[in-house]
Amino acid sequence: MTNLKKIVALTGAGISAESGIATFRDSGGLWEQYDVMEVASIEGWRKNPQLVQRFYNERRKQLEEVEPNAAHRILAELEKDFDVTVVTQNVDNLHERGGSTKVVHLHGELTKARSATDPNLIIDVGYRPIEWGEKASDGSLLRPHIVWFGEAVPMIETAADIVTQADILLIIGTSLHVYPAAGLVGYADRKALIYLIDPNDVSCAGSNITVIREKASIGMEKLKTILK
Ligand code: OAD
């Protein structure tokens, strides 16, 4: 077996922007239209679960209508020459549809639902809406399989272990504003090479960082050339 170099890609909403999914914090982003605490927090769910359900039903419907873009596809193509793991904050499935085979979702997945009381009781819902009042097999309300503000991030330790092993860490399309995900960069080995792809200025502490200030598709093309 060849000993391929390990690439870990830490991705955020920006990698899916060119597919037509709005980011959160950019101008025109989702958190300009919606109050984040109303639709994406555990308090919001307790206060108005129907609103939250509707918000994620809309996101799920939109996901069915969009396609992975060149950035998702180039990242998947890197699997020919590298051992690539994607650690994403995104709840869309565009990495998988773009061909990536190892994807860790830190903040959950839109195409899944779970019991409101048992986080391990998870079902696939595809792109269909979760109807109001729909129950999981344990009799609890079915809720989106999303990690909301105010909730623990169950995959964070797994993700930290993965980042520790990276020879090359890619940071693509994330403002690094949300913890604990943003803190993962700090787990990179001191010898790891870090490439940050974002069209805007993102503050990221660390050494060995090469900034490619481009949209994800162009940035990934450039990265592909650099890595060759
Ligand atoms: P943000 O909206 O905070 O940041 C998006 C980043 O993408 C910014 O740095 C933009 O500059 C960049 N960007 C915009 N267009 C781009 C493009 N075409 N190519 C590359 N980058 C582009 O999104 P996240 O960092 O993903 O959590 O946000 C993290 C978490 O906050 C999300 O997972 C979500 C949100 O609230 C929950 O809802 C729980």
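Owing to the predicted nature of the structure, the values given are computational and were not obtained by experimental measurement. Numbering of ligands and ligand atoms starts at 1, following listing order.
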Does a sphere of radius 6.0 Å around CD in Glu157 hold more than 12 heavy atoms from other residues, nucleotides or ligands, not counting ones at 6.0 Å or beyond?
no
Tell me whether Tyr34 at atom OH has more than 12 heavy atoms from other residues, nucleotides or ligands lying less than 6.0 Å away.
yes
I'd like to know if the side chain of Gln89 and the backbone of Thr174 have a donor-acceptor N/O pair within less than 3.5 Å.
no
Pair His72-Ser16, side-chain donor/acceptor within less than 3.5 Å:
yes
Do the side-chain N and O atoms of Thr111 and Asn93 include a donor-acceptor pair separated by under 3.5 angstrom?
no
Within the heavy-atom cut-off of under 4.0 Å, ligand 1 is lined by Gly12, Ala13, Gly14, Ala17, Glu18, Thr23, Phe24, Arg25, Asp26, Trp31, Gln89, His107, Val147, Phe149, Gly173, Thr174, Ser175, Val178, Asp198, Pro199, Asn200, Val202, Lys215, Ala216
Does the Lys NZ or Arg CZ of Arg60 fall within the cation-pi geometry relative to Tyr56 - under 6.0 Å from the ring centre and within 45° of the axis?
no
